Amino acid sequence: MKAYMLHGAEDLRLEDVVKPEPGPGEVLVAVKAAGICGSDLHYHAHGRCGNFVPTRPFILGHEFAGEVVALGAGVDAPAVGARVAVDPSRACGKCRQCRQGRYNLCPEMVYFGSAAVTPPADGCYAEFVTAPAANCWELPDGFEYSWGALLEPMSVAMHAVMRSGGVAGKSVLITGGGTIGQMVLLVANAFGAARVVVSDLKGFARDFAVKQGASGTLDPADADCAAKAEELAPGGFEVVFEAAGVGAALAQGIAMSAPGATVVQVGTLPDGTAIPANALLTKELQYHGSWRFANVFERVIDMVVSGRIDPRPLVTKVYPFEKLNEAIREAAGGGEIIKVQIENQD
Ligand SMILES: [Zn+2]
Ligand SMILES: [Zn+2]
């Protein structure tokens with residue numbers, strides 16, 4: 001089969017590789033749609049992602065949906081021909097965190113298309129992928145593969161909102177209007193936030209947020225930013241999501257939070273980022289990490305089916321499978337992009 005192997009920085013090659021066979025409990029999925037994530041861009045640009053350094057070439061990608069084409073031993077569902085989205089988290093299922101249902105924190109986690117483990121785990125930028133049957137979620141009729149490939153980042157957003165302890169009736173600030181920030185906005189609105197404000201340096205991100213239902217936006221570089229925030233949420237925001245992965249955004253978000261607020265860290269900050277500890281202390285803030293997601297894949301499907309979340313505007317551009325390198329250049333280009341995907345029609 002054809003697959004994209006990452007050999008190093010800026011070196012992603014479409015190659016012929018051995019087609020995988022589904023093992024016991026696994027299915028073989030023909031990949032129909034796959035998304036490009038910030039972490040994929042990091043791997044592509046640097047040949048690594050933070051501390052995750054691949055020890056051999058591997059297949060990138062972890063956001064995908066496709067058709068089940070073969071079953072391994074002991075699998076009776078999903079059936080051959082089923083349209084599925086795949087939760088890319090393969091946790092051990094045995095450790096304390098897994099047994100408590102917090103499998104996103106499993107120390108043995110093998111995520112698709114990730115060099116967090118040695119050797120690196122292959123991902124979904126391929127014609128076929130094997131996946132545990134238990135990780136496959138059937139897509140209802142009319143649910144497009146492209147939306148299926150959005151379920152992973154939307155699950156990250158929904159997990160973040162759930163980590164906040166609830167946004168219903170509250171004033172919410174999201175720092176960073178990238179893909180995850182925009183998805184947190186959709187989920188926070190669907191979960192009944194009183195108002196959601198998005199802060200971003202880019203005019204495109206602010207305008208997009210307003211189209212997605214933000215009640216206001218902030219430009220963090222604006223000299224009047226703090227005064228505007230006070231107008232939008234008198235007394236401060238009750239819930240803040242830091243989705244930019246930028247220390248200055250965290251500091252600003254904490255400065256704009258109300259006493260007693262909850263701050264959720266969903267963006268990945270550079271190592272060594274200063275955290276305004278005395279503000280956490282004197283405002284009695286809850287500062288929660290939100291790492292990947294657990295137990296929300298099906299919930300996101302339901303929210304889309306019920307019409308509470310509309311995924312359609314999030315997909316900016318779709319390239320054919322053969323043009324992944326072009327798609328990555330577009331996604332990395334800093335243009336007016338929310339999500340770039342590739343699709344495989346045959
Ligand atoms: Zn992702
Ligand atoms: Zn585990």
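All ligand and atom numbering here is 1-based and tracks the order in the structure. Here the structure is a predicted model, which means the values were calculated and not measured.
With contacts defined as side-chain heavy-atom distances shorter than 4.5 Å, the pair W137/L151 does not qualify.
The OE1 atom of E152 and the NE2 atom of H62 subtend an angle of 100° at the Zn ion (ligand 1), given to the nearest 10 degrees. Angle subtended at the Zn ion (ligand 1) by C37 SG and E63 OE2: 90°, rounded to 10 degrees. The angle subtended at the Zn ion (ligand 2) by SG of C106 and SG of C95 is 120°, given to the nearest 10°.
Heavy atoms from other residues, nucleotides or ligands lying under 6.0 Å from CZ of R99 number 12 at most. For E298, the CD atom counts as loosely surrounded, since its 6.0 Å shell holds 12 or fewer non-hydrogen atoms of other residues, nucleotides or ligands.
Taking backbone and side-chain atoms together, D40 has no N/O/S atom less than 2.8 Å away from the Zn ion (ligand 1).
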Task: CA sep, side-chain torsions, deciding dist, call: Q182, L186, side chain to side chain contact (heavy atoms under 4.5 Å, CB included) - done: CA-CA 7 Å; Q182 301 288 351; L186 294 178; 6.0 Å; no

